[in-house]
Amino acid sequence: MKEVTKMSDDFDRWYTDVIRKAEMADWSGVRGMMVVRPYGWAMWEAITRAFDDMIKESGHENWAFPLLIPQQLLIKEAEHIEGFGPEVAWVTRAGAAKEELEEPLAVRPTSETIVGHLIRRYIQSHRDLPKLTNQWNSVVRWEMRSRLFLRSREFWWQEGHTFHASAQEARDEVALILGYYRSIAEDWLAVPVFGGKKSPAETFAGAVYTMTLEGLMRDGVALQMGTSHYFGQNFARAYDISFSNKDNERELCYSTSWGISTRLVGALVMAHGDDSGLIVPPRIAPIQVVIVPIHRDPESRAKVEAFIGGLATELKAAGIRHRVDWRDERPGDKYAHWELKGVPLRLNVGARDADAGTVEMVDRLSRQRVSVPASGIGRRLTDELEAFQKKLFERALVYRRENTFELATLDEVVAHFKERGGFVWVPWSGDTECEERIKAEAGGVTIRTIDPDARPSGKCIVCGKPAEYRVALAKAY
RNA sequence: CGGGCGGUAGCUUAGCUCGGUAAAGCGCCUGGUUUGGGACCAGGAGACCGCGAGUUCAAAUCUCGCCCGCCCGACCA
């Protein structure tokens with residue numbers, strides 16, 4: 001349990017160490033593919049439950065579509081296959097004799113193509129629209145370089161695919177989902193995000209436009225935390241998804257797709273952790289409160305046990321996810337253990353607490369010890385967890401504020417990213433050549449998102465023409 | 001996928017140059033003493049030395065191929 005690399009020494013090693021020592025995930029021995037352990041998966045489950053509730057509320061339905069996509073289907077949308085082609089894995093043989101298949105089958109890297117192909121059966125009339133589908137699944141992308149949770153060859157996600165009778169309705173859907181994603185990032189994961197459109201170079205292959213959310217990790221590197229795409233009629237045209245409108249004319253659907261993935265679990269680690277390990281937001285935490293019993297002899301143990309029994313009953317009644325650590329270890333070892341795992345609140349409970357009718361409460365952020373009355377503990381801890389969630393978000397917000405800048409020239413940008421990370425807002429002409437030059441000269445810095453609100457002032461930092469957009473630059477995972 | 005480095009017990013590593021009975025710390029098991037910030041003593045289990053070939057009387061050690069991981073690039077939820 002000891003010896004997690006210090007975050008300040010080597011962020012990348014710290015990240016891997018924490019995930020492995022906190023028992024969240026491991027590499028599997030199959031290149032680039034991970035095994036997600038219960039503690040990590042439980043965090044993903046908290047995200048899936050929250051998001052699934054949101055989309056059900058607005059009429060989306062879960063489906064299951066095939067894992068394998070025939071080659072002919074995959075290649076129908078030209079831009080899409082051009083974008084995803086390099087990272088597709090293929091099944092070319094099957095059966096006892098490993099016979100060559102007549103047509104190679106792609107392992108889905110994303111399912112626009114197979115969903116588009118299949119959904120047309122279920123859409124005939126405007127009365128069948130909108131068709132709001134989602135699936136929870138895993139996809140495979142043949143990544144060359146992998147990183148636990150952030151980039152693995154297989155990852156778990158939800159992919160929503162929706163089909164609409166009008167462009168406006170589809171655009172509204174894209175915005176609605178981006179709002180849900182913002183809520184997941186900010187209200188659940190306590191990670192503040194900048195949201196807006198992607199530049200053309202960063203737009204999803206086959207989309208008209210892509211909306212994104214970008215968070216900032218504690219090493220100053222940005223992370224894309226969710227995307228929502230508007231396809232116009234691009235996929236409907238390629239897959240012939242049409243309907244009869246009210247005037248009995250054939251019309252192509254307008255479609256969208258959107259996804260968040262297990263990457264978000266990595267985001268929570270990198271956005272909140274410290275040298276002692278994880279700090280898990282209460283709403284995501286598999287264990288919100290851990291109770292560490294302290295006792296010397298059988299008598300004190302019996303007393304503490306009875307006292308904790310009462311506490312546990314109250315916590316359960318209050319709906320707090322909790323655990324009592326009865327392992328035969330010393331208290332100090334348990335403190336370090338649960339801090340590494342990022343449990344928001346800890347209660348140290350010994351005989352003298354039992355006598356006094358109090359518990360010693362320690363939160364993972366301040367680590368201050370506070371004696372609180374045992375009576376009404378359920379209510380108190382519920383409030384504390386809520387406050388913790390807020391404090392964690394505020395802390396992340398302050399960090400982002402301190403690491404967000406406004407610059408006016410390419411030289412300044414280049415100099416900035418030599419020294420540090422964070423977000424840098426700049427005016428941009430909208431030209432792809434300017435975007436490419438920023439990337440080349442500032443060492444891999446990319447346009448993360450376009451400011452949806454502010455009108456740009458000044459000139460493009462590259463070409464000097466009047467700027468069309470105000471954009472956030474950052475290095476990104 | 002290119003360049004560099006590595007893989008020995010659950011984890012971190014020594015041993016490899018110069019071939020000769022596989023080691024340590026942590027973790028794990030048992031017993032005891034302990035327990036309000038990472039305990040101590042004693043005993044014990046645990047290793048196809050990444051996999052496969054080759055050289056040799058003999059390979060963790062030398063050679064070749066493959067697999068997996070790390071770092072740097074190009075690609076990405």
Side-chain angles (χ1 to χ4, degrees), chain A residues 1-5 10 12-13 15-17 20-21 23 26-34 44 82-88 108-111 137-159 181 198 201-202 204-205 210 212-215 222-229 257-267 276-277 292-298 300-301 304 325-340 346-354 356 358-360 362 367 369 371 439-440 443-444 446 476-477:
Chain A
M1 259 326 142
K2 292 168 195 171
E3 286 142 33
V4 172
T5 306
D10 185 339
D12 295 349
R13 281 204 60 167
Y15 176 76
T16 307
D17 275 7
R20 299 187 60 202
K21 297 250 163 74
E23 303 179 312
D26 267 310
W27 287 120
S28 64
V30 183
R31 186 181 175 84
M33 295 198 172
M34 57 177 182
W44 175 237
E82 196 188 323
F84 279 98
E87 41 189 298
V88 172
R108 62 184 169 209
T110 177
S111 305
N137 60 354
S138 71
V139 289
V140 168
R141 297 183 187 178
W142 217 245
E143 301 292 349
M144 289 309 156
R145 224 177 136 182
S146 41
R147 205 157 146 62
L148 287 168
F149 286 114
L150 300 187
R151 187 173 304 102
S152 47
R153 283 189 169 175
E154 178 184 23
F155 59 90
W156 292 267
W157 73 347
Q158 59 66 218
E159 47 176 324
Y181 286 166
K198 281 290 192 190
E202 300 272 332
F204 181 87
T210 288
T212 182
L213 296 178
E214 303 283 325
L223 182 71
Q224 181 171 305
M225 293 180 63
T227 47
S228 184
H229 316 288
S257 85
W258 25 274
I260 49 173
S261 73
T262 36
R263 161 176 276 196
L264 292 184
V265 178
S276 299
V292 176
I294 296 155
H295 49 82
R296 290 166 192 279
D297 44 59
S300 69
R301 175 170 171 134
V304 167
D325 186 357
W326 282 112
R327 290 175 308 144
D328 188 19
E329 299 290 344
R330 297 164 71 87
D333 185 79
K334 295 181 185 181
Y335 298 164
H337 176 82
W338 294 111
E339 280 170 9
L340 172 61
R346 187 179 76 236
L347 305 180
N348 304 333
V349 182
R352 66 182 187 226
D353 296 296
T358 60
V359 299
E360 187 176 84
V362 186
R367 298 205 222 183
R369 293 152 179 254
S371 184
K439 188 172 180 180
T446 51
Y477 278 103

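For the numbers below, each heavy atom of this structure counts, side chains included, while hydrogens, waters and symmetry mates do not. Here is how names work: the chains are called A, B, and so on, in the same order as the sequence lines, proteins then strands, and each is numbered from 1.
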Checking Thr227(A) against Trp258(A) for the side chain to side chain contact (heavy atoms under 4.5 Å, CB included) test, could you report, in this order, the C-alpha distance in whole Å, the side-chain angles of both residues, the deciding distance, and whether it holds? CA-CA 6 Å; Thr227(A) 47; Trp258(A) 25 274; over 6 Å; no

Could you walk me through whether Arg20(A) and Leu148(A) pass side chain to side chain contact (heavy atoms under 4.5 Å, CB included), step by step? CA-CA 9 Å; Arg20(A) 299 187 60 202; Leu148(A) 287 168; 4.2 Å; yes

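In this model, the phosphate group of rG37(B) is not approached by any side-chain N or O of Arg346(A) to a distance below 4.0 Å at OP1 or OP2. Remark: Arg296(A) is in phosphate contact with rU35(B), judged by side-chain N or O atoms under 4.0 Å from OP1 or OP2.
Evaluation of atom-type donor-acceptor distances gives a pair under 3.5 Å for the side chain of Asp353(A) against the base of rG36(B). For rG38(B), the base has no donor-acceptor partner in the side chain of Glu339(A) [N/O atoms by modelled type, under 3.5 angstrom].
Summarising the base pairing, rC66(B) is matched to rG50(B) through a Watson-Crick or G-U wobble pair whose two defining distances lie under 3.5 Å. When Watson-Crick and G-U wobble pairs are counted only if both distances are under 3.5 Å, rA58(B) pairs with no nucleotide at all. Base pairing analysis places rC40(B) opposite rG32(B); the two distances defining the Watson-Crick or G-U wobble pair are each below 3.5 Å. rG10(B): Watson-Crick or G-U partner is rC26(B), with both key distances under 3.5 Å. Under the Watson-Crick or G-U wobble criterion, with both distances below 3.5 Å, rG73(B) is paired with rC1(B).
Atoms OG1 and CH2, on Thr262(A) and Trp157(A) in that order, are 10.5 Å from each other to the nearest 0.5 Å.
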Reading nucleotides 67-72 of chain B from the 5' end, what letters show protein touch, with B for base, S for backbone sugar-phosphate only, - for no heavy atom under 4.0 Å? -SSSSB

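The side chain of Phe155(A) lies closest to rA77(B), out of rC1(B), rA77(B), rG36(B). Among the nucleotides rG37(B), rU34(B), rA77(B), the one closest to the side chain of Arg263(A) is rA77(B). Comparing atom distances between the Met144(A) side chain and each of rA74(B), rA77(B), rU35(B) picks out rA74(B) as nearest.
The backbone N or O of Arg327(A) lies less than 3.5 Å from a partner atom in the side chain of Lys334(A), making a donor-acceptor pair. In terms of modelled atom types and a separation under 3.5 Å, the side chain of Ser300(A) and the main chain of Asp297(A) share a donor-acceptor contact.
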